[in-house]
2 protein chains.
Amino acid sequence: MAYSDRIGASGGKIPDLRPGPSQVWQDYVRSPRAKTLRFGEHDVVFYEGDAADRVYELIEGAIMLYKLLPDGRRQVVEILGPQSLFGVVAGKIYDCNAETLTPAVVRSIDRRDAEGSADLQGHISRCLLSQIETLHEHTVLLGRKSAFERVASFLMRFVPNRGVADCLGPREGAKDDAVVLLTMTRQEIADYLGLTIETVSRVISDLKRRGVIAIEKQDRIRINNVCAICHLTGAH
Amino acid sequence: MAYSDRIGASGGKIPDLRPGPSQVWQDYVRSPRAKTLRFGEHDVVFYEGDAADRVYELIEGAIMLYKLLPDGRRQVVEILGPQSLFGVVAGKIYDCNAETLTPAVVRSIDRRDAEGSADLQGHISRCLLSQIETLHEHTVLLGRKSAFERVASFLMRFVPNRGVADCLGPREGAKDDAVVLLTMTRQEIADYLGLTIETVSRVISDLKRRGVIAIEKQDRIRINNVCAICHLTGAH
DNA sequence: CGAATAGTTGATGTATCTCAAGCAGGGTGG
DNA sequence: CCACCCTGCTTGAGATACATCAACTATTCG
């Protein structure tokens, strides 16, 4: 199964904002100037501080960007799905570490090529904008939401077309459930949500006890009632 | 005194990354197609959900972007100084509220004009990139730093050329102090740092008691030892 | 099958929040 | 010019959500 089937090819939370790849970008990224790279699970694409001379597009799989404090505290700052751009920075070095969550296919192009082409720039801009909106959302989560709301928001991220502004609610009469494949360890989830692994575990157990979710496998969660989880996010 | 003299015209924390305005942008933004707007303190430039048909450049003053949860919790997601762009979004509506912290001068241009010009796009891209790096930093602050570290990081933001990667330390033999003008209420600082007003107040009082800072006026703080504060940020 | 790794659960601690009262600076009107 | 008020800030006492520490259990993989 392709990652996009799970996370939602539309990009999760804000599907209509994630721009479809432009023709020019498509052409370039498939040209011989671009390099295809294949990674396993938990492989590093680049480190914070590396010279930022290439930019990347995730073709298949999932990638996380994270930063470390000197004492080892880690914060996952972004989780990326297919069609996401990463490694595009203002300075000369990457500001984050990039690591795969799943086996992944990545295309990379030379930074100067990306900067030289106006058409590529247009595509990049549109990607950056939806990225900023996601970061704003996540800032609210980290600054103002409780552990329950954080986990609920996290789960909703992976339910396509729900929890968004124009959410239609469950289809009439249909069972309002969904299956979410996390592809992340509890530690990675905790580091993304600004919590500890134990708190994430406790919240998930509690949601299970209350019957709103069922754990089909460690990283495969069935949401029995999407609306219920959505109301726990604090955003509705 | 111009705001830029206080916050640092270079843009605070990452001065060499904040791009200088390009000539094309300069020309456009000063052309008759752009509108100049003047705001007082705590005026709203636009609301979350408003139709996003114009983009803005802050010329003078300071602006905050914030989001609200339905129950009234507020998170300030960005603080902007001169030359910052805002109101550039992927979708049809603004994703944040924009409100002045000080009296401010703003130039606004039509969104379609910005999107139509490749040169303007280039400038916009560069601005968005440094904005993303600042958001990443702030994500680490909200997800992983203690109240002390958050306040210390906040203060360091306003000390030009210090606390950055290539920080040279204090000039040899010179007194290592600095004066910071906050131009924000305790409530706004709290909502930016993901804390309560009481916690911000307590931390500031404690820093004062320990002699690392002095409060010259409510929103005018002297840092007696920049290096000391810098080490309290958790990042060094 | 058994070791290694990841996740859960419990008991306890603590940083930060909440609630409540007191204080200070700036502006207004007498 | 000073008293008064208003708003924003500070301080204290107590509550709590989450972290920490530690033991236990479930998975995965050789």
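Here is the naming used below: chain letters follow the sequence lines, and residue numbers restart at 1 for every chain.
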Rounding to a whole Å, what distance do you find between Ile204(A):CD1 and dA26(D):P? 17 Å
Is the shortest distance from a Lys or Arg side-chain nitrogen in Asp219(B) or Arg186(B) to a carboxylate oxygen in the other one below 4.0 Å? no
Which part of the nucleic acid does Thr185(B) contact within heavy-atom distance under 4.0 Å: base, sugar-phosphate only, or nothing? sugar-phosphate
Atom CD of Gln218(B) and atom C1' of dC6(D): how far apart are they, to the nearest Å? 14 Å
How long is the line joining CG of Asp191(A) and P of dA6(C), in whole Å? 13 Å
Side-chain atoms of Ser205(A) come closest, of dT9(C), dT11(D), dT16(C), to dT9(C)
Comparing Arg144(A) with Arg186(A), nearest DNA chain C nucleotide closer to 5' gives the residue Arg186(A)
Of the nucleotides dT10(D), dT9(C), dG26(C), which has the atom closest to the Lys217(B) side chain? dG26(C)
Gln187(A) CD - dA19(D) P separation (whole Å): 11 Å
Straight-line distance of Asn224(B) CG to Asp176(B) CG, nearest 0.5 Å: 10.0 Å
Report yes if a side-chain nitrogen or oxygen of Thr199(B) is closer than 4.0 Å to either non-bridging phosphate oxygen (OP1 or OP2) of dC17(C); otherwise report no. yes
Rounding to an integer number of Å, can you tell me how far Phe148(B) CZ sits from dA15(C) P? 10 Å
Between atom CZ in Arg73(B) and atom P in dT18(C), what is the gap in whole Å? 10 Å
Could you check whether Tyr56(A) and Phe46(A) have their ring centres less than 6.0 Å apart? yes
Answer yes or no: side-chain N or O of Arg202(A) and base N or O of dG7(C) forming a donor-acceptor pair under 3.5 Å. no
So Thr196(A), base contact, sugar-phosphate only, or nothing? Heavy-atom distance under 4.0 Å. base
When we call it a touch if two heavy atoms are under 4.0 Å apart, what does Glu198(B) touch: a base, just sugar-phosphate, or nothing? base
Whether Arg220(A) and Glu216(A) form a salt bridge (side-chain N of Lys/Arg under 4.0 Å from carboxylate O of Asp/Glu) is what I want to check. yes
Does this structure show an ion pair linking Asp206(A) with Arg210(A), if we count only N-O contacts that are shorter than 4.0 Å? yes
Whole Å only: how far is the CD1 atom of Ile189(B) from the P atom of dT16(C)? 17 Å
Round to the nearest Å and state the distance from Ile197(A) atom CD1 to dA23(D) atom C1'. 15 Å
